[in-house]
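Here is how names work: the chains are called A, B, and so on, in the same order as the sequence lines, proteins then strands, and each is numbered from 1.
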Amino acid sequence: DVKVTQSSRYLVKRTGEKVFLECVQDMDHENMFWYRQDPGLGLRLIYFSYDVKMKEKGDIPEGYSVSREKKERFSLILESASTNQTSMYLCASSPPGRRAQYFGPGTRLLVL
Amino acid sequence: GESVGLHLPTLSVQEGDNSIINCAYSNSASDYFIWYKQESGKGPQFIIDIRSNMDKRQGQRVTVLLNKTVKHLSLQIAATQPGDSAVYFCAENIEDHNAGKSTFGDGTTLTVKP
């Protein structure tokens, strides 16, 4: 089975802190994605990557950056956390030619 | 514009009944559709997919129907069980040269009453 893991299930940070969310997948997938999920707004794509060191902006990239130095790891960075970034963050991966995505369990981030 | 939406935000059914969850999409260029299930406290899980050259696909207790004429997608769950209680998302795959980005609907919360 494909496994996508996220570094934390729950995280509490203060406004202005730099926050790192890590995602690791064990199936050698080329594609990786970061989403945030908010009530009433569904899943919104922040960034995605289709190869090592490659990244593309999603629908809501403002306030976020990403890093993909290794194929199995995709990191989401909040440069200066703000309260409106309180959310559930979901990472996903998929192999090329198959567009169904495999999701991690999510990180619930609270920014105070 | 592009959007993927679900007709109803909530659906309540009796255990043992069949459930039908609907989804409308607006991008006629979409060529691949996926249904996901998200249980409380977990990430979405793939249930079933369908390509635009098909109009029906069956899995274990689930069937997806695609009507391209009216841009409508549905997920049918047979003999619904308490373990089927979850949020269900449809996703529309937008033609993309690389990563196979999807656009997700808002989700329908299915509650199964014993």
Is a side-chain N or O of Tyr102(A) found less than 3.5 angstrom from the main chain of Phe46(B), in a donor-acceptor match? no
Closest approach of Leu90(A) and Pro44(B), non-hydrogen atoms and distance? CD1-CD, 3.9 Å
Greater than 12 external heavy atoms within 6.0 Å of Arg44(A)'s CZ: yes
Decide whether Tyr64(A) and Phe33(A) are clustered together by the hydrophobic rule: side chain heavy atoms of Ile, Leu, Val, Met, Phe, Trp, Tyr closer than 4.5 Å, transitively. no
Residue Lys57(A) excluded, over 12 heavy atoms near NZ under 6.0 Å: no
Shared hydrophobic cluster, Phe104(B) / Tyr47(A) (ILVMFWY, side-chain heavy atoms < 4.5 Å): no
dist Ser102(B):OG -> Phe48(A):CZ (nearest 0.5 Å) comes out at 10.5 Å
Need one label for Gln37(A): side chain, backbone, both or neither, based on atoms under 4.5 Å from any heavy atom in chain B. side chain
Check residues 10-21 of chain A and write down every donor-acceptor pair under 3.5 Å in which the side-chain atom is one partner and the other belongs to a residue at least two apart or another chain.
unit_1	atom_1	unit_2	atom_2	d
Thr15(A)	OG1	Leu112(A)	O	2.7
Glu17(A)	OE2	Arg14(A)	N	2.7

Within this structure, what is the CG-CG distance for the pair Asp106(B) and Leu41(A), rounded to the nearest 0.5 Å? 7.5 Å
Taking every non-hydrogen pair under 4.5 Å, which of Gly42(A), Pro105(A), Gly40(A) racks up the most with chain B? Pro105(A)
Kindly indicate, with the supporting measurements, whether the criterion side chain to side chain contact (heavy atoms under 4.5 Å, CB included) is fulfilled by Gln38(B) and Leu43(A). CA-CA 12 Å; Gln38(B) 186 175 21; Leu43(A) 280 162; 5.8 Å; no
Between Arg9(A) and Gly41(B), is there a donor-acceptor pair closer than 3.5 Å when you use the side chain of the first and the backbone of the second? yes
Verify same cluster id: Leu109(A), Ile77(A) (apolar side-chain graph, 4.5 Å): no
Do Tyr36(B) and Gln101(A) come close enough that some side-chain heavy atom pair is under 4.5 Å? yes
Can I get a per-line list of side-chain donor-acceptor pairs under 3.5 Å for residues 11-19 of chain B, giving both atom names and the distance, sequence neighbours left out?
unit_1	atom_1	unit_2	atom_2	d
Asn18(B)	OD1	Ala79(B)	N	3.0
Ser19(B)	OG	Thr80(B)	OG1	2.7

